[in-house]
Amino acid sequence: EDTPEGLAKLRQMDALDLWKAGFFSSDVTVSCPFAFWATLDGTVIPENPVDALMTGRYNPCNVLMGFNQNEGIVFMSDQSTEDGARDYINRIFSETSAKEVRNYYKEQGLTDMQCIPDLVTYTYFKAGMTFFKETLARQGAAVYGYEFDFTGDGNYPMQQLGAHHALDILYVFDTIE
């Protein structure tokens, strides 16, 4: 609860227990109390953002949004082996869908492990962004979208990961040398 009493309760909790209660997992099959969702506080965010979007109850403005082509690669953990990737696909899809996903990527010459960055990019970034962008555009908003795929000519350590999560920020703030 967002009150002085609630804060006092949090201050009395064991730090490790508090951390565990707020732990974030990038594995979509793991239920956790923390994720990148808005906190409905009744003042700054008075209602569910998706409900506000769908009903047009928001302040209209121009929007720039996008994702990086290989966004998902930095969120891989136990999926970095073929067995881990296969298990991950089996956990997030039904049996029939998992087979269809495997066949889709197999036709492109990719193994289970090679398809995980694309799946994570789509499910964590592209799908929601596309929904948001298309809904705003239908409502008449000026929406500018991008897919960032440039990795540059430099030799920085993570360049081998392609256009990974947050790489576009280096270009936005002109910090590439």
Side-chain angles (χ1 to χ4, degrees), residues 23-32 34-38 48-50 52-54 58 60-177:
F23 181 72
F24 172 75
S25 171
S26 64
D27 184 340
V28 297
T29 66
V30 173
S31 177
C32 60
F34 172 77
F36 296 107
W37 304 115
N48 181 306
V50 175
L53 174 67
M54 298 307 292
Y58 57 87
C61 63
N62 295 342
V63 177
L64 170 66
M65 66 176 74
F67 63 95
N68 294 355
Q69 186 179 57
N70 208 16
E71 198 88 58
I73 198 160
V74 297
F75 295 95
M76 292 176 62
S77 55
D78 65 334
Q79 304 92 5
S80 58
T81 66
E82 282 301 321
D83 288 341
R86 191 171 305 105
D87 291 345
Y88 182 77
I89 292 169
N90 289 337
R91 285 195 318 264
I92 63 174
F93 295 103
S94 67
E95 185 178 340
T96 302
S97 295
K99 288 178 185 175
E100 290 175 9
V101 166
R102 279 199 190 82
N103 287 338
Y104 172 79
Y105 285 105
K106 189 175 183 179
E107 289 171 4
Q108 297 179 45
L110 299 176
T111 66
D112 287 347
M113 188 176 76
Q114 291 169 323
C115 80
I116 295 296
D118 189 59
L119 284 172
V120 173
T121 296
Y122 184 81
T123 57
Y124 288 20
F125 300 95
K126 187 176 181 179
M129 189 241 10
T130 301
F131 167 77
F132 187 62
K133 176 183 70 167
E134 290 175 355
T135 303
L136 286 173
R138 276 194 309 274
Q139 295 175 357
V143 182
Y144 305 91
Y146 68 87
E147 177 176 350
F148 188 82
D149 64 359
F150 182 71
T151 58
D153 298 327
N155 187 19
Y156 61 95
M158 293 183 70
Q159 187 170 17
Q160 64 188 356
L161 300 179
H164 58 81
H165 182 64
L167 181 63
D168 51 336
I169 294 172
L170 298 173
Y171 295 88
V172 170
F173 294 105
D174 195 24
T175 56
I176 294 289
E177 295 181 14

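The figures here come from the full heavy-atom set of this structure, side chains too, leaving out hydrogens, waters and symmetry mates. Note that the structure is predicted; figures quoted are calculated from it, not measured. Quick note: residue numbers are just sequence positions, from 1.
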(message) Applying side chain to side chain contact (heavy atoms under 4.5 Å, CB included), can you list everything that pairs with Thr135, at least two apart in sequence or on another chain?
(response) Leu53, Met54, Phe131, Arg138, Gln139
(request) Could you pull out all residues at least two apart from Asp168 that satisfy side-chain hydrogen bond (donor to acceptor under 3.5 Å, both in side chains)? (result) Asn68, Tyr146
(request) Scan Thr111, Asp118, Asp112 and name whichever one has a side chain to side chain donor-acceptor pair (under 3.5 Å) with Tyr105. (result) Asp118
(request) Verify the distance criterion only: is there a donor paired with an acceptor across the side chains of Tyr104 and Gln108 at less than 3.5 Å? (result) yes
(request) Determine the minimum heavy-atom distance between Thr121 and Gly72, stating which atoms define it. (result) OG1-N, 2.7 Å
(message) Going by side chain to side chain contact (heavy atoms under 4.5 Å, CB included), name the residues that satisfy it together with Glu147, two or more places apart in sequence or in a different chain.
(response) Phe67, Gln69
(request) Supply the atom-to-atom distance Phe125 CZ to His165 NE2, rounded to the nearest 0.5 angstrom. (result) 4.5 Å
(request) Would you name the heavy atoms of Phe148 and Phe150 that are closest together and state the gap between them? (result) CE2-O, 3.1 Å
(request) Give the minimum heavy-atom separation between Glu71 and Ala166, together with the two atoms involved. (result) OE2-N, 3.8 Å
(message) Nearest 0.5 Å, please: how far is CD in Glu100 from CD in Glu95?
(response) 11.5 Å
(request) Taking all heavy atoms of Ala141 and all of Cys61, pick out the closest pair and write down the distance. (result) CB-O, 4.2 Å
(request) List for me each residue that meets side-chain hydrogen bond (donor to acceptor under 3.5 Å, both in side chains) alongside Tyr122, sequence neighbours excluded, and say none if there are none. (result) none
(message) Under a 3.5 Å distance rule, please check whether Asn70 uses its side chain to pair with a backbone N or O of Leu161 as donor and acceptor.
(response) yes
(message) Checking Asn90 now: which residues fulfil side chain to side chain contact (heavy atoms under 4.5 Å, CB included) with it, not counting sequence neighbours?
(response) Arg86, Ala98, Arg102
(request) Measure the shortest side-chain to side-chain distance between Ile92 and Val101 over non-hydrogen atoms and say whether it is less than 4.5 angstrom. (result) no
(request) Return the set of residues passing ring pair (Phe, Tyr, Trp, His ring centres under 6.0 Å) with Phe132 (not counting sequence neighbours), or none when no residue passes. (result) none
